[in-house]
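No hydrogens, no waters, no symmetry mates; every other heavy atom, side chains included, goes into these values.
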Amino acid sequence: MQSRTASPAFLVTTHEENVNKYQMLALNLYFCTTYHKFMRLVAYIVSIGFLLGLAQKTRAQGSIDGFMRGQRKASLAIFGAQETYDTYYINTTETKNPNLGTVTTQTLTVVGTYGLGYDLDLIVSAPYVRTQASAGYFPKQEGFQDVSGTLRWEAYDYKFGKTKLSWEFAVGYSMPMQNYVNDALVAIGRGSQNLDGRTLLHFKAPNFFITGQYGYIRRGQVKLDHIVNTYDPSQLNPNSGLKVNVPDVTELIVRAGIVTKVFNIDAWFQRQTPHSDGTNIGPGIPFPTNAVGFTRVGATAYLRLLKQFGLTAGYNTTLDGRNIGKSTQLNAGVVIGHWTANN
């Protein structure tokens, strides 16, 4: 009679077979751990490029309109905005990342405009930005982003009865206001110095206007930061200290609306396209070099409550993009000073 404690012949193993089994188990554990580390690294890297794309989009607001302020007349606008998204584009393919969740960016921007002459305006803006993700271990980033200054010149104007067609040119320069992190898991900007040149055609009838502008933004090199993971200093960025090129872009904006002495309402279309070669979001790529583009539409309303005081609010959403978040934004603010939309 066979003992109940005896092992079947096919279950009997030798010492050498046991050693091989343990070696295989250890090898599998090694590859499994390495695979998960690799996938986590890929997720982090993808998220970096994604968030840097967001930072780029946050700065890409079309703040230059076709309305001149007039000599020695000024206005000051303070805007608050909140932008969210849970979907982003790797190149032009829509993607969601559960390790990232929803990304929220809040911005407070101050814009001042002053008429240096009847045909020359100076526009200065400075935003304070806070951005964070709802999932993952991405530390929140906040701080002053990039200050910009723009000169807008009305080169020609043609009047036909009560209508007016003007041709304007603008040149602007922007630079970081502080040394913020430009390649962290959550970043508020790319940290580049930018030169912005554009031309505008502006048609104004008594209660209607349409403005078209086309611009080229030249971006300088940036030096990559050292921080990869604030919670794990051992994860050093192998590209730290390197200087990389940020791709230039072209920009087309068309805005049309109704203007009265009390309120303005307009709708706009914005298309930003990478001009120079860049990379796409992916492993092993320095993300400030990502080529970022998007198509966005929005609407803005302004209501004048007093002679030199009014409220403004706006909404915009992203229709398509490249290496950027598919975001929606709400904004609101106050405008103090001279408003010349009805000129």
Is any side-chain heavy atom of [X] less than 4.5 Å from a side-chain heavy atom of [Y]?
X: Y89; Y: T95; answer: no
X: Q329; Y: Y315; answer: no
X: L151; Y: D121; answer: no
X: T104; Y: Q82; answer: yes
X: V124; Y: V111; answer: no
X: P274; Y: R322; answer: yes
X: V129; Y: T105; answer: yes
X: Q193; Y: Q221; answer: no

Would you say the side-chain atoms of [X] pair up with the backbone N or O of [Y], donor to acceptor, closer than 3.5 Å?
X: N97; Y: N99; value: yes
X: Q272; Y: T250; value: no
X: N207; Y: T260; value: no
X: T279; Y: T289; value: yes
X: N323; Y: N290; value: no
X: S327; Y: E83; value: no
X: K261; Y: F263; value: no

Going hydrophobic residue to hydrophobic residue with side-chain gaps under 4.5 angstrom, can you get from [X] over to [Y]?
X: I258; Y: L303; value: no
X: V262; Y: L305; value: yes
X: I253; Y: W167; value: no
X: Y216; Y: V249; value: no
X: L330; Y: L108; value: no

Find the distance between [atom1] ([X]) and [atom2] ([Y]) and round it off to the nearest 0.5 Å.
X: L122; Y: T150; atom1: CG; atom2: OG1; value: 8.0 Å
X: D320; Y: F294; atom1: CG; atom2: CZ; value: 10.5 Å
X: R219; Y: H275; atom1: CZ; atom2: NE2; value: 12.5 Å
X: E154; Y: Y118; atom1: CD; atom2: OH; value: 8.0 Å
X: K204; Y: I210; atom1: NZ; atom2: CD1; value: 13.5 Å
X: T199; Y: W153; atom1: OG1; atom2: CH2; value: 10.0 Å

Between [Y] and [X], do the side chains contain a donor N or O and an acceptor N or O under 3.5 Å apart?
X: S192; Y: N194; result: yes
X: S174; Y: D146; result: no
X: S166; Y: H202; result: no
X: Y128; Y: E142; result: yes
X: T84; Y: T102; result: no
X: T295; Y: R271; result: yes

Exercise for review: Dump the intermediate steps for side chain to side chain contact (heavy atoms under 4.5 Å, CB included) on R130 and Q141, then the final yes or no.
Suggested key: CA-CA 6 Å; R130 173 190 298 161; Q141 295 287 338; over 6 Å; no
Check your understanding: Are V147 and M175 close enough, and set up right, to give a side chain to side chain contact (heavy atoms under 4.5 Å, CB included), and what steps lead you there?
Key -> CA-CA 6 Å; V147 62; M175 60 179 293; 4.1 Å; yes
For [X] against [Y], the heavy-atom pair lying closest together:
X: P288; Y: V244; answer: CB-CG2, 4.0 Å
X: G112; Y: L76; answer: CA-CD1, 4.2 Å
X: I188; Y: Q145; answer: O-NE2, 2.6 Å
X: K96; Y: T87; answer: CE-OG1, 3.0 Å
X: R190; Y: Y180; answer: N-OH, 3.7 Å
X: S148; Y: S125; answer: OG-OG, 2.7 Å

Point to revise | Verdict with reasoning, Y214 to E251, per side chain to side chain donor-acceptor pair (under 3.5 Å) | key: CA-CA 6 Å; Y214 184 78; E251 189 171 72; over 6 Å; no
Check your understanding: Charged N to carboxylate O under 4.0 angstrom, D65 versus R152?
Key ->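 Between R152 and D65 there is a salt bridge, with a charged N closer than 4.0 Å to a carboxylate O.
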Exercise for review: State plainly whether the residues D248 and R218 are in salt-bridge range, i.e. N to O under 4.0 Å.
Suggested key: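 So D248 pairs with R218 through a salt bridge.
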Exercise for review: Test side chain to side chain contact (heavy atoms under 4.5 Å, CB included) on F209 and D266 and set out the steps.
Suggested key: CA-CA 9 Å; F209 78 93; D266 66 63; 3.8 Å; yes
**Study point:** Residues, nucleotides or ligands: over 12 heavy atoms within 6.0 Å of F144 CZ
**Key:**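 For F144, atom CZ is not crowded (no more than 12 foreign heavy atoms under 6.0 Å).
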Exercise for review: Output, in order, the C-alpha distance, side-chain angles, deciding distance and verdict of side chain to side chain donor-acceptor pair (under 3.5 Å) for S75 and R69.
Suggested key: CA-CA 8 Å; S75 66; R69 285 297 175 269; 3.1 Å; yes
Check your understanding: Under the side chain to side chain contact (heavy atoms under 4.5 Å, CB included) criterion, do K164 and D157 qualify, and how do the steps go?
Key -> CA-CA 7 Å; K164 175 183 174 181; D157 66 272; 3.7 Å; yes
